[in-house]
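Take a look at the structure below.
Chain A is the first sequence line, chain B the second, and so forth, proteins listed ahead of strands; every chain is numbered from 1.
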Number of protein chains: 2
Amino acid sequence: MLSRKKEIPEQLNERLATSGLRFTPQRQQVYNVLLDTRDHPTAEEVFLRAKHESPDISMATVYNCLDALVTCGLVRQVNVNRAATRYCPNMNDHCHFYCDDCGKVLDVNCTSAGPVAGAKVPSGFQVTHYELSLRGHCPDCAAKAAKLHH
Amino acid sequence: MLSRKKEIPEQLNERLATSGLRFTPQRQQVYNVLLDTRDHPTAEEVFLRAKHESPDISMATVYNCLDALVTCGLVRQVNVNRAATRYCPNMNDHCHFYCDDCGKVLDVNCTSAGPVAGAKVPSGFQVTHYELSLRGHCPDCAAKAAKLHH
DNA sequence: CTTCAGCTTAGAATAATTCTAAGTATTGAC
DNA sequence: GTCAATACTTAGAATTATTCTAAGCTGAAG
Ligand SMILES: [Mn+2]
Ligand SMILES: [Mn+2]
Ligand SMILES: [Zn+2]
Ligand SMILES: [Zn+2]
């Protein structure tokens, strides 16, 4: 990685442009952090990871960049209980599993109709968004717990 | 309502006792506020309503009482996005609809299996809780919007 | 080269909630 | 009943995540 030219990724650039936003190195950096490790980091965690590559980036900028990425539809916010908001670059229809033991947040596939169909929404209600979060024990932690009981 | 004796409602008293908690007038008052108007008020709103009857109650006490009621299983917390936590005394299995127009939060029935069945949870995951929140337009607001377009 | 809108930044401000420490009330031996 | 132990309420301070503010920077367009 000796030459680091201005290779602006067109996909990010275009998406930003459609929302009237500019491409900036900070936005690129923040987006890369999210794509790099898809573990639903908080803004704080994104900040720490981004600082490795760009030591001068500020927390405010991380919030601003995350906001820009959400606005242009490349990233979504994930809220579990009232903990700090997490960020997810997977824009496919999915929901989230939160492990009460290790705290990991994992993607779970579900079709758009899926969870909403499971709810008995009375007629007259227009559902435009939904958010389903699941909590419990992830396979790893469930296995560990099983071992402790022999 | 001239005589206001110490009629301790046994149901609340028992529920508190099973969690090692005591009956107090403040807890009664806060619970009454929730039962009175089931519109999913925030702690702040509960505080304001409780003050009508008990002008000396404090915000900290409202938070403490709500916490006690949640602990003993009479009340559940409802989080929509990152707004202030709301409180719901309906302990039947249900999820919530949030109207983006008027901000109302309404109960929507759904069987325990419902929304989780709609998600394709891989085997190995143990789901102990789930939370489904729906957003969109409530019947009232949808009707109003329809009128504006003739 | 100037202008101007958009961007980044540090630090202040805000909002919801939790913590702290002090005073009260209730319980349950004795 | 007295007394100590425990639980509860309260005001205000502290905390946490997030947003706001104001100043300086940047890069495209004229
Ligand atoms: Mn995700
Ligand atoms: Mn409810
Ligand atoms: Zn786990
Ligand atoms: Zn409405």
Please write out each protein N/O paired with an N/O of nucleotides 5-7 of chain C under 3.5 Å, distance rounded to 0.1 Å.
{"from": "C/dG6", "atom 1": "O4'", "to": "A/Arg22", "atom 2": "NH2", "distance (Å)": "3.4"}
{"from": "C/dC7", "atom 1": "OP1", "to": "A/Arg22", "atom 2": "N", "distance (Å)": "2.9"}
{"from": "C/dC7", "atom 1": "OP1", "to": "A/Arg27", "atom 2": "NH1", "distance (Å)": "2.8"}

**Report entry** Side-chain (A/Arg15) to main-chain (A/Cys72) donor-acceptor, under 3.5 angstrom
**Finding:** yes

Report task. For B/Asn13 and D/dC8, give me the distance from atom CG to atom C1', rounded to whole Å. Result -> 15 Å

Query raised in the report: Do the side-chain N and O atoms of B/Gln29 and B/Ser54 include a donor-acceptor pair separated by under 3.5 angstrom?
Result: yes

Report task. Output yes when at least one side-chain N/O atom of B/Ser58 is less than 4.0 Å from OP1 or OP2 of D/dT9, else no. Result -> no

Query raised in the report: Quick one: B/Leu69 CG to D/dC8 P, roughly how many Å, whole number?
Result: 12 Å

Query raised in the report: Do B/Leu134 and B/Val105 share a hydrophobic cluster, counting only Ile, Leu, Val, Met, Phe, Trp and Tyr and linking them when any side-chain heavy atoms are less than 4.5 Å apart?
Result: no

Query raised in the report: Are B/Leu132 and B/Val78 connected in a single hydrophobic cluster, I mean Ile/Leu/Val/Met/Phe/Trp/Tyr linked by side-chain heavy atoms less than 4.5 Å apart?
Result: no

Query raised in the report: Nearest nucleotide by nearest heavy atom, which residue falls closer to the 5' end of DNA chain D, A/Ala43 or B/Cys65?
Result: B/Cys65

Query raised in the report: Rounding to a whole Å, what distance do you find between A/Phe47:CZ and D/dT16:P?
Result: 16 Å

Query raised in the report: Tell me: CG of A/Leu66 to C1' of C/dT8, nearest whole Å?
Result: 14 Å

Requested in this report: Map B/Pro25 and B/Asn79 onto DNA chain C by nearest heavy atom, then report which one ends up closer to the 5' terminus.
Outcome: B/Asn79

**Report entry** Geometric class of the A/His96/A/His40 ring pair [parallel <30°, tilted 30-60°, perpendicular >60°]
**Finding:** perpendicular

Requested in this report: Take the protein atom NZ of A/Lys51 and the nucleotide atom C1' of C/dT9, then report the distance between them rounded to whole Å.
Outcome: 13 Å

Query raised in the report: Contact class for B/Thr42 (heavy atom, under 4.0 Å): base, sugar-phosphate, or nothing?
Result: nothing

Query raised in the report: Among the nucleotides D/dA11, C/dT17, D/dA17, which one has an atom lying closest to any side-chain atom of B/Arg82?
Result: D/dA17

Report summary line: Atom CD1 of A/Ile57 and atom P of D/dC25 are separated, to the nearest Å, by 18 Å

Report summary line: Result for 5'-nearest mapping on DNA chain C, choosing between B/Met59 and A/Val62, is A/Val62

Requested in this report: Following the transitive rule for hydrophobic clusters with a side-chain heavy-atom cut-off under 4.5 Å over Ile, Leu, Val, Met, Phe, Trp and Tyr, establish whether B/Tyr98 and B/Tyr87 coincide in one cluster.
Outcome: no

Restricting both atoms to N or O, compile the protein contacts to nucleotides 19-21 of chain C shorter than 3.5 Å, with distance only.
none

Report task. Locate the shortest heavy-atom distance separating B/Ser19 from B/Thr71; write the atom from each residue and the value. Result -> OG-O, 3.8 Å

Query raised in the report: Rounded to the Å, how far apart are B/Asp67 CG and D/dT9 P?
Result: 11 Å

Report task. Take atom CG of A/Asp56 and atom P of C/dT8, then tell me their distance rounded to the nearest Å. Result -> 13 Å

**Report entry** Verdict with reasoning, A/Leu106 to B/Phe125, per side-chain contact (heavy atoms from CB on, under 4.5 Å)
**Finding:** CA-CA 11 Å; A/Leu106 298 147; B/Phe125 287 85; 3.6 Å; yes

Query - Derivation of the side-chain contact (heavy atoms from CB on, under 4.5 Å) call for A/Glu45 and A/Asp39 - result: CA-CA 10 Å; A/Glu45 286 161 345; A/Asp39 59 352; 5.9 Å; no

